[in-house]
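For reference, the structure is listed below as structure tokens.
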Amino acid sequence: MKERLVIFDTTLRDGEQSPGASMTRDEKLRVARQLERMRVDVIEAGFAAASPGDFAAIRGIAEVIKDSTVCSLARANENDIRRAGEAIQPAPRKRIHTFIATSPIHMEKKLRMSPDEVVEAAVRAIRFAREYTDDVEFSAEDAGRSEIDFLCRVFEAVIKAGATTLNVPDTVGYMIPALWGERMRTLIERVPGADKVIWSTHCHNDLGMAVANSLAAVMAGARQVECTINGLGERAGNAALEEVVMAVKTRPDVFTVDTRIDTTQIVPASKLVSQITGYPVQPNKAIVGANAFAHESGIHQDGVLKHRETYEIMRAQDVGWAQNKLVLGKLSGRNAFKTRLAELGIELAGDEALNAAFARFKELADKKTEIFDEDLQALVSDEGVTAENEHYKLVYSHVCSETGETPLAQITLTVDGVERKAQSTGSGPVDATFRAIEQVAGSGAQLLLYSVNAITTGTDAQGEVTVRLAKDGRIVNGAGADTDIVIASAKSYLNALNKLRSSLERVNPQGV
Ligand code: KIV
Ligand code: ZN
């Protein structure tokens with residue numbers, strides 16, 4: 001029997017700290033459900049003290065997630081820990097993750113605390129957190145640049161105070177695998193009580209070594225890896241969950257540990273996170289990139305056709321890549337639609353949401369004869385859009401775009417149910433449409449990102465558009481899909497505007 005490697009996913013906390021990747025409460029809930037479906041052990045759902053929106057999202061996740069442990073981050077102070085404890089309270093399995101910096105530079109320049117004060121604050125934080133749950137994790141922020149003797153002292157003290165998981169973060173992504181493995185081994189050997197806790201690693205990717213460092217720590221005795229879907233995270237990101245999990249699974253000869261992850265849920269999770277955050281996945285990204293299993297050269301194709309393992313070390317279907325399969329068409333009924341969604345692991349919240357999604361499916365089937373799984377996934381991504389949060393709604397759009405002429409867009413929107421019309425010229429049809437919308441909305445928001453992706457192949461494919469808007473220090477992503485990319489663009493712009501109006505959105509994930 002192999003030992004369990006605990007997979008701690010922090011897409012909803014550290015991942016959300018990627019610039020512009022902040023998610024709404026509904027979006028976080030959808031990601032959390034997918035993480036649970038993938039059998040992630042611990043979901044770090046956010047940082048409860050960061051904002052009322054964060055608190056509400058964690059609380060909402062704690063109310064529905066049953067199988068995974070739900071965790072909130074908290075600085076080592078009473079207010080943060082109280083908020084974390086209250087947010088995770090409904091979860092059957094709950095964890096508080098409290099942290100304080102231990103490197104000389106952080107203690108002196110950022111915290112302005114002496115090493116003795118840091119140990120004292122850490123111990124107090126653990127004791128207080130234990131009043132809310134028995135599952136308490138402690139992180140020594142910037143452990144990579146901390147003095148090893150001091151790290152041993154802090155870790156020994158927090159074990160005595162009741163910490164059950166000790167996390168060793170390479171906060172600034174400064175480590176290299178051999179040194180990181182050695183550091184983990186030294187800590188486990190030297191800290192009294194080390195055998196009573198789970199040692200964890202949390203690596204950032206500034207030098208492109210987050211996954212390699214995490215795996216080196218596992219080989220040295222770490223039994224929890226903190227990671228994110230698609231390697232999302234602060235600056236260059238965190239260790240990518242899919243790479244850590246598949247390395248362990250693909251090399252059982254090297255690793256003495258195993259995870260309980262359902263790897264067939266990896267690609268759906270990657271697509272969901274990419275679509276919600278507006279962070280595209282590079283085509284050559286390991287495991288989840290569009291080309292990860294594509295063989296281009298004739299020699300490779302010939303080899304794979306003769307014997308798959310000549311050039312493939314993993315099977316595409318084991319990580320959730322499905323062939324573009326025709327699944328439904330114009331004549332498919334509500335039951336077939338519902339059944340296929342269930343097969344894809346998509347649960348809609350109640351009959352109303354199902355009926356609305358089915359109506360959108362029928363509209364799409366009128367325009368596009370072949371409907372693939374990817375189309376269905378895009379279609380239900382509007383699931384969180386309800387009448388209450390749809391302040392602006394697209395009714396009509398018309399664009400004229402002609403060689404040598406300035407494009408013109410005419411739009412009709414409803415604003416809280418009242419029809420408004422506008423028209424504008426622009427440098428292209430999308431620019432003209434956005435200008436026309438702005439004439440009605442007058443948001444003054446700054447457009448930070450506009451990106452279009454084809455969901456499936458073929459010229460009749462749906463275009464999926466992401467728009468990122470900033471206003472008054474808040475950044476939101478809007479998404480929209482349609483076979484007409486100008487309409488998809490209008491939908492995504494309006495989706496972003498609707499989010500900007502939502503009071504539950506956080507101001508800035510790092511603004512605490
Ligand atoms: O990178 C880091 O140090 C963190 C801690 C809060 C664990 O994200
Ligand atoms: Zn981090």
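Atoms within each ligand, like the ligands themselves, are counted from 1 in listed order. All values below come from the heavy atoms of this structure, side chains included, with hydrogens, waters and symmetry mates left out.
- Considering only heavy atoms from C-beta on, Leu187 comes within 4.5 Å of Val168 through its side chain.
- From the protein, the heavy atom lying nearest to atom 7 (C) of ligand 1 is Ser139 OG, 3.6 Å.
- By the 3.5 Å distance cut-off applied to N or O atoms, Glu226 is not counted among the residues near ligand 1.
- At under 3.5 Å, a nitrogen or oxygen of Arg13, whether backbone or side chain, sits near a nitrogen or oxygen of ligand 1.
- A cation-pi geometry, defined here as NZ or CZ lying under 6.0 Å from the six-membered ring centre and within 45° of its normal, does not hold between Arg82 and Phe128.
- Using modelled atom types, one finds a donor on one side chain and an acceptor on the other under 3.5 Å when comparing Thr11 with Asp9.
- Atom OH of Tyr174 has 12 or fewer neighbouring heavy atoms from other residues, nucleotides or ligands inside a 6.0 Å radius.
- In terms of polar-atom proximity, defined here as any N/O pair under 3.5 Å, His204 does make such a contact with ligand 1.
- Residues Ile61 and Ala45 approach most closely at CD1-CB, 3.8 Å, considering heavy atoms.
- Between Asp206 and Arg235 there is a salt bridge, with a side-chain nitrogen of the basic residue lying less than 4.0 Å from a carboxylate oxygen of the acidic one.
- Minimum heavy-atom separation, Arg75 to Ile81: O-CG1, 3.8 Å.
- Taking atom 4 (C) of ligand 1 as the reference point, the nearest protein heavy-atom neighbour is His202 NE2, 3.5 Å.
- The N/O atoms of His97, backbone and side chain alike, include none that comes under 3.5 Å of an N/O atom in ligand 1.
- Among the atoms of Thr171, some N or O lies under 3.5 angstrom from an N or O of ligand 1.
- Annotation for ligand 1: atoms under 4.0 Å from non-hydrogen atoms of Glu141 are 3 (O).
- When distances from the Zn ion (ligand 2) to the N, O or S atoms of Asp14 are compared, OD2 comes out shortest.
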